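Below: one structure, written as structure tokens.
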Amino acid sequence: MAVVDHQLQLQHLAWRAGFGETLPTISAWEHKRRKEIVNKVLIGKTRKAVEDVSVVSADDLPGFRPKKDMTADERKKLQQMNNDGIKDLNVAWVNAMIRSEHPLREKISLFWHGHFACRTQNVLFNQQLLGVIRENALGKFGDLLTAVSKSPAMLQFLNNQQNRKQHPNENFAREVMELFTLGRGNYTEQDVKEAARAFTGWGFDGDGAFVFREKQHDDGEKIFLGKRGNWNGDDVLKILLEQPQTATFITRKLYRFFVADDADEEKVAQLSKKFYQSGYDIRSLMKEIFMADWFYDGSLVGNKIKSPVELLVGIRRTVPMNFEKEEVMLVFQRVLGQLLFYPPNVAGWPGGRSWIDSSSLMFRLRVPQVIFYSDNLNIRPKEITPEMGEGNNYKMTLEINEFLKRQYAKKVNAKISWESYLKGYEDISRPDLSKAIANSLLQNRNIDTALLEKYADASSRENYIKTVTIDVMSTPEYQLC
């Protein structure tokens with residue numbers, strides 16, 4: 001095992017546990033110091049509550065009157081409020097990622113956002129689900145699973161509001177097993193049918209609060225995963241958590257997100273065993289990963305393609321900036337293939353090499369120039385494909401597509417705050433600047449600094465640092481972390 005140098009270890013941890021922000025410099029990277037910094041990453045600089053990213057309250061939106069009881073103007077107004085609200089929520093969460101003193105919470109919330117993939121046209125439901133995810137992101141997986149399963153967003157998206165004992169709907173029960181816990185192939189079709197019966201009666205009321213409708217619940221005996229009883233939805237979730245396979249499935253997905261696209265099954269088995277024994281403590285699992293010597297092996301450094309959100313947030317955490325219209329972030333996300341609150345399907349974003357295709361790669365390399373030089377967005381975003389069975393969300397999908405079209409070719413007006421970034425290089429001598437900048441921004445240190453020198457603006461020290469930074473961010477190497 002070839003462990004990389006101390007500075008690169010710090011950068012590796014900064015990118016994998018966050019969005020590439022600089023961690024405190026330490027004089028040595030002994031095991032005890034690693035523990036201190038990992039704890040800081042996991043706990044955060046403060047113990048304050050999760051930052052609120054709410055953009056609406058229940059009072060802002062009308063109750064759940066049937067559409068047939070609304071006038072055409074009321075329906076149009078409600079749809080517009082939801083569409084605008086979801087765009088605002090996207091911007092608010094991105095800004096929270098940029099500002100956060102606890103980037104791991106936001107980073108792992110981004111993971112859970114894809115794991116518990118959901119589309120809903122109701123901004124309040126989206127906001128509630130995001131709140132549940134962010135609050136439980138580093139807690140116990142059982143608490144997170146239960147809270148998500150009882151959220152109106154997920155119950156609506158997976159049709160459990162229509163799950164009644166006379167006509168069981170299997171959609172929710174199937175996805176809870178296939179996507180949230182066990183993974184495909186670890187349950188039977190009969191298990192799906194029995195779980196669906198157990199979840200009958202789970203729904204939400206006019207205020208979006210979870211309700212259990214006892215008269216719609218099938219209270220008969222069920223056999224689920226070999227266990228016999230008059231199970232309800234909570235019982236099914238408990239039985240799923242009793243399965244070691246659930247710990248393995250979640251651990252493997254976390255490993256692929258934070259460590260490497262190709263999971264090392266031996267390490268997954270070791271980690272999942274501890275995860276299961278800890279009662280599914282997510283924070284403990286992440287600490288096991290970040291404290292392991294193998295996590296800092298050279299073969300694992302700079303081997304992952306940054307997701308679009310990681311790329312955008314990383315740039316903005318490195319060099320502070322504001323956009324004249326922050327919703328331009330939605331256009332960047334869509335062009336790059338990761339629009340928050342619009343996962344491609346119920347399985348979420350596949351990640352890995354799927355982030356790169358012939359159209360997105362060239363734009364990824366141009367993103368820094370588009371931002372820092374306020375260029376035009378001269379690439380047309382791909383349209384979002386409506387999710388099969390998404391029902392009322394179809395109109396919302398058409399609306400967001402129209403919004404993205406309207407933004408096509410518009411100029412990106414960014415106000416860049418270079419001061420703090422420039423200050424970080426004030427003690428670096430002029431001959432060492434290009435190497436220092438490349439080393440601070442890249443996990444791959446084999447970049448040709450002579451080429452950076454050739455294209456840099458050497459008219460002033462400030463312009464030199466700015467142009468070298470933008471050029472480094474425009475390299476293929478910067479796409480990796």
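Predicted model, so just to flag it, every value in this text is computed and none were measured. For this chain, numbers begin at 1 and follow the sequence in order. Excluded from the calculations below are hydrogen atoms, water molecules and symmetry mates; all remaining heavy atoms, backbone and side chain alike, are included.
- Ring planes of Phe323 and Phe332: tilted class, angle from 30 to 60°.
- Using a cutoff of 4.0 Å between basic side-chain nitrogens and carboxylate oxygens, Lys87 and Asp84 are scored as salt-bridged.
- The shortest distance between side-chain heavy atoms of Cys118 and Gln156 does not fall below 4.5 Å.
- Pairing each heavy atom of Val132 with each of Ala147, the nearest pair is CG1-CB, 3.3 Å.
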In sequence, state the C-alpha distance, the side-chain angles, and the governing distance for Leu129 and Val148, and then conclude on side chain to side chain contact (heavy atoms under 4.5 Å, CB included).
CA-CA 7 Å; Leu129 179 57; Val148 168; 4.0 Å; yes
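- Side-chain contact between Met177 and Leu240 is present, with at least one heavy-atom pair separated by less than 4.5 Å.
- Looking at heavy atoms from C-beta onward, Met154 lies in side-chain contact with Phe180 at the 4.5 angstrom threshold.
- With hydrogens and angles ignored, the 3.5 Å screen pairs a side-chain donor or acceptor of Arg317 with a backbone N or O of Met97.
- What you find for Val335 and Ser360 is that their closest heavy atoms are O-CB, 4.3 Å.
- Here the side chains of Ser149 and Phe116 are not in contact, with every heavy-atom distance at 4.5 Å or above.
- In this structure, the side chains of Phe249 and Thr181 stay at 4.5 Å or more apart for every pair of heavy atoms.
- Note that CG of Leu340 is 4.5 Å distant from CG of Asn90, once rounded to the nearest 0.5 Å.
- Note on ring orientation: taking the six-membered ring where Trp is involved, the planes of His113 and Trp93 are perpendicular (angle over 60°, cut-offs 30° and 60°).
- Taking a 6.0 Å sphere around CZ of Arg184, one finds it holds 12 or fewer heavy atoms contributed by other residues, nucleotides or ligands.
- The main-chain N or O of Met321 is never found under 3.5 Å from a side-chain atom of Ser417 such that the two would form a donor-acceptor pair.
- Residues Lys466 and Glu462 are paired through a salt bridge, judged by an N-O separation under 4.0 Å between the basic side chain and the carboxylate.
- No side-chain heavy atom of Val331 sits under 4.5 Å from any side-chain heavy atom of Val412.
- Judged by distance alone, with hydrogens and angles left aside, the side-chain atoms of Asp5 form a donor-acceptor pair with the main-chain N or O of Leu8 at under 3.5 Å.
- Side-chain contact annotation: Gln369 with Ser474, donor-acceptor N/O pair under 3.5 Å present.
- Between Val319 and Ile416, the shortest heavy-atom distance links the atoms CG1-CG2, 3.5 Å.
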Go through the steps to decide whether Trp349 and Trp355 satisfy the test side chain to side chain contact (heavy atoms under 4.5 Å, CB included), and finish with yes or no.
CA-CA 9 Å; Trp349 296 276; Trp355 293 130; 3.5 Å; yes
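- Closest approach of Leu138 and Arg105 over heavy atoms only: CD1-CA, 4.2 Å.
- Atom CD1 of Ile371 sits about 10.0 Å away from atom CD1 of Ile470, to the nearest 0.5 Å.
- Gln128 is not listed as a side-chain neighbour of Ser151, based on a closest heavy-atom distance of 4.5 Å or more.
- Figure legend: cation-pi geometry between Lys306 and Tyr478, with NZ or CZ positioned under 6.0 Å from the six-membered ring centre and within 45° of its axis.
- Here the closest non-hydrogen pair linking Pro103 and Gly18 is CB-CA, 3.9 Å.
- Note that CG of Leu254 is 9.5 Å distant from CG of Leu271, once rounded to the nearest 0.5 Å.
- With rounding to the nearest 0.5 Å, the separation of CE in Met329 from CG in Leu312 is 5.0 Å.
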Let me see the working for Leu110 and Gln338 under side chain to side chain contact (heavy atoms under 4.5 Å, CB included), right down to the final yes or no.
CA-CA 11 Å; Leu110 183 61; Gln338 189 183 26; 4.1 Å; yes
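- Donor-acceptor pairing under 3.5 Å is lacking for the side chains of Asn122 and Thr120.
- Looking only at distances, a side-chain donor or acceptor of Gln11 sits under 3.5 Å from a matching main-chain atom of Asn439.
- Interatomic distance, NZ of Lys140 versus CG of Asp281, reported as 5.5 Å (0.5 Å rounding).
- Here the options are Lys107, Arg316, Arg16, the test is salt bridge (Lys or Arg N to Asp or Glu O under 4.0 Å), and the partner is Glu310; only Lys107 passes.
- The residue from Leu124, Val123, Val56, Asn126 that alone fulfils the side-chain contact (heavy atoms from CB on, under 4.5 Å) condition with Asn82 is Val123.
- Residues passing the ring pair (Phe, Tyr, Trp, His ring centres under 6.0 Å) test with Tyr187: none are found, sequence neighbours excluded.
- With Thr475 contributing its side chain and Val472 its backbone, the two residues share a donor-acceptor pair below 3.5 Å.
- Nearest heavy atoms, Gly352 versus Asp261: CA-OD2, 3.6 Å.
- Proximity of a side-chain donor or acceptor of Asp432 to a complementary backbone N or O of Ile428 within less than 3.5 Å is not detected.
- Side chains of Met473 and Val367 form no contact here, defined as non-hydrogen atoms less than 4.5 Å apart.
- Salt-bridge formation is detected for the pair Glu106/Arg134: a Lys NZ or Arg NE/NH1/NH2 atom is positioned less than 4.0 Å from an Asp or Glu carboxylate oxygen.
- Within 6.0 Å of atom CD in Glu266, 12 or fewer heavy atoms from other residues, nucleotides or ligands are found, so the atom counts as exposed in its surroundings.
- Here Lys454 does not pair with Asp471 in a salt bridge; the nearest charged N to carboxylate O distance is not below 4.0 Å.
- Ser434 places no side-chain N or O within 3.5 Å of a backbone atom of Glu453 that could act as its donor or acceptor partner.
- Considering only residues two or more places apart in sequence or on other chains, Phe275 meets the ring pair (Phe, Tyr, Trp, His ring centres under 6.0 Å) condition with Tyr280.
- The aromatic ring centres of Phe141 and Trp112 sit less than 6.0 Å apart.
- Between the side chain of Arg364 and the backbone N or O of Leu336, no donor-acceptor pair lies under 3.5 Å.
- Put simply, the side chain of Gln9 never gets that close to the backbone of Tyr296: no donor and acceptor are under 3.5 Å apart.
- Partner of His12 under the ring pair (Phe, Tyr, Trp, His ring centres under 6.0 Å) criterion, out of Phe290, Phe295, Phe258: Phe295 alone.
- Within the model, atoms CH2 of Trp294 and CD of Gln270 stand 8.5 Å from one another, a figure rounded to the nearest 0.5 Å.
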Side chain to side chain contact (heavy atoms under 4.5 Å, CB included) between Lys435 and Leu452: does it pass, once the steps are laid out?
CA-CA 9 Å; Lys435 183 177 181 180; Leu452 295 175; over 6 Å; no
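- Other residues, nucleotides and ligands contribute more than 12 heavy atoms inside 6.0 Å of the CZ atom of Arg430.
- Donor-acceptor pairing under 3.5 Å is lacking for the side chains of Gln245 and Tyr276.
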